[in-house]
Asker: 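Below are the structure tokens for one structure; questions will follow.
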Amino acid sequence: MFTNTMGNAMLLLLVPLLSLIMASSTPSTQALVQDFCVGDLARGDTPAGYPCKPEAAVTADDFSYRGLSATGPTIEPFNIALSSAFSPRFPGVNGLGISAAIVHFGPGGVVPLHSHPGGSELLFVVEGTLSAGFISSVTNKVYTQTLRKGDLMVFPQGLLHFQIATGAGAGGNDDNATAPAAVALSMYSSSNPGLQILDFALFANNLPSDVLSKVSVLDELQIKKLKSLFRGTG
């Protein structure tokens with residue numbers, strides 16, 4: 001009798017719970033079968049991405065992007081140039097879980113320690129030689145590899161990672177001395193994976209130097225020097 005009563009009570013609890021789960025999953029199921037959701041940038045970004053542009057206003061131009069064909073702005077003092085095709089620049093990838101970027105490395109160019117909180121990265125070396133690696137968040141072990149033209153390396157979501165141009169590459173060719181030392185194409189598992197560069201996070205902020213010294217165990221004078229370099233305050 002007790003078992004039957006408990007079973008009936010559990011059933012009464014489970015039925016509405018299952019109904020709630022099925023009801024809440026309906027919008028996401030519909031989203032999965034939607035062909036596309038070109039981002040309506042004017043309506044602003046949200047944690048779920050940009051709202052969809054009305055399909056009547058979508059054109060073929062929304063699904064192509066030429067921004068990676070030009071070398072992006074140089075990021076100092078790292079001697080690299082970055083061009084990205086994230087959803088804020090290429091709204092056609094909005095909601096599709098993909099995006100890309102290309103980096104041109106000058107001689108000795110460095111992509112400093114950084115993370116993408118929103119997605120994993122797959123790096124393809126187009127030209128040159130790179131030293132690349134990432135740091136485990138569990139053990140702090142560093143996984144590094146020398147990458148050459150045609151090589152791939154994956155960087156798991158959210159982990160700090162880096163790339164350094166180590167060879168002369170195209171930049172060492174006397175016939176084309178202005179060519180980059182290396183070129184790498186990155187692909188991401190998010191339409192907007194985000195980017196946080198450790199140096200800028202530490203030294204381009206307004207956190208007082210004495211506080212930053214305490215939380216980072218760095219010398220305060222060195223912190224002030226780096227804040228000056230990265231245009232931080234405090």
Side-chain angles (χ1 to χ4, degrees), residues 39 41-50 67-68 71-91 93-94 99-123 130-144 153-165 182 184 186-234:
L41 305 187
R43 294 169 62 189
D45 200 4
T46 74
Y50 289 94
L68 298 189
T71 302
T74 300
I75 300 176
E76 298 294 351
F78 302 112
N79 199 22
I80 60 170
L82 172 68
S83 300
S84 66
F86 300 163
S87 55
R89 293 180 178 271
F90 183 16
V93 300
N94 183 59
S99 58
I102 193 164
V103 182
H104 291 80
F105 295 77
V110 175
V111 176
L113 279 171
H114 66 286
S115 66
H116 304 288
S120 298
E121 175 182 352
L122 187 64
L123 181 86
L130 298 176
S131 173
F134 66 88
I135 304 172
S136 166
S137 66
V138 178
T139 63
N140 291 319
K141 181 177 179 179
V142 182
Y143 297 88
T144 61
M153 186 167 183
V154 65
F155 304 96
Q157 179 173 339
L159 298 189
L160 288 168
H161 57 286
F162 66 89
Q163 296 102 30
I164 303 170
S186 292
M187 295 146 282
Y188 303 91
S189 62
S190 169
S191 60
N192 194 8
L195 171 65
Q196 185 170 40
I197 298 174
L198 186 60
D199 294 285
F200 290 111
L202 286 173
F203 308 117
N205 61 48
N206 62 350
L207 194 65
S209 296
D210 61 329
V211 175
L212 186 53
S213 178
K214 290 181 176 67
V215 300
S216 66
V217 202
L218 294 173
D219 179 78
E220 189 172 341
L221 290 177
Q222 183 65 27
I223 289 172
K224 289 180 178 179
K225 178 181 177 181
L226 290 167
K227 275 184 169 283
S228 177
L229 176 64
F230 290 101
R231 300 180 182 178
T233 59

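For the single chain, residues carry numbers from 1 onward in sequence order.
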Asker: Going by heavy atoms in the side chains, are Phe203 and Leu229 under 4.5 Å from each other?
Answerer: no
Asker: Do the side chains of Ile80 and Val110 get nearer than 4.5 Å, heavy atoms only?
Answerer: no
Asker: Enter the distance from Asp199:CG to Leu226:CG here, rounded to the nearest 0.5 Å.
Answerer: 8.0 Å
Asker: Pairs in or reaching into residues 100-114: which pass side chain to side chain donor-acceptor pair (under 3.5 Å), with residues at least two apart or in two chains?
Answerer: His114-His116, His114-His161
Asker: How long is the gap from OH on Tyr143 to OG on Ser136, to the nearest 0.5 Å?
Answerer: 5.5 Å
Asker: So Tyr188 and Phe86, ring pair (Phe, Tyr, Trp, His ring centres under 6.0 Å) or not? Walk me through it.
Answerer: CA-CA 9 Å; Tyr188 303 91; Phe86 300 163; 5.4 Å; yes
Asker: Distance check, rounded to the nearest 0.5 Å: Ser186 atom OG versus Ile102 atom CD1?
Answerer: 9.0 Å
Asker: Does Lys227 use its side chain to pair, donor to acceptor, with the backbone of Thr233 at less than 3.5 Å?
Answerer: yes
Asker: At what distance, to the nearest 0.5 angstrom, does CD of Gln222 lie from OG of Ser209?
Answerer: 11.0 Å
Asker: Assess whether atom CD of Gln196 is packed by more than 12 heavy atoms of other residues, nucleotides or ligands within 6.0 Å.
Answerer: no
Asker: Is there a side-chain contact between Pro193 and Glu121 in this structure, where contact means two heavy atoms from C-beta onward sitting under 4.5 Å apart?
Answerer: no
Asker: Distance from Ser120 atom OG to Phe134 atom CZ, nearest 0.5 Å?
Answerer: 10.0 Å
Asker: With side chain to side chain contact (heavy atoms under 4.5 Å, CB included) as the test, would you mind laying out the steps for Ser137 and Leu159 before giving the verdict?
Answerer: CA-CA 7 Å; Ser137 66; Leu159 298 189; 3.7 Å; yes
Asker: Could you tell me whether the side chain of Asn192 reaches within less than 4.5 Å of the side chain of Pro88, counting heavy atoms only?
Answerer: yes
Asker: If the plane angle is over 60° it's perpendicular, under 30° parallel, otherwise tilted; pick one for Phe200 and Phe230.
Answerer: perpendicular
Asker: Does the side chain of Val103 come within less than 4.5 Å of Leu123's, by heavy atoms?
Answerer: no
Asker: Side chain to side chain donor-acceptor pair (under 3.5 Å) with Lys224: which residues, sequence neighbours excluded?
Answerer: none
Asker: Is a side-chain N or O of Thr46 found less than 3.5 angstrom from the main chain of Gly49, in a donor-acceptor match?
Answerer: yes
Asker: Nearest 0.5 Å please: distance from the OG atom of Ser131 over to the CZ atom of Phe162.
Answerer: 5.0 Å
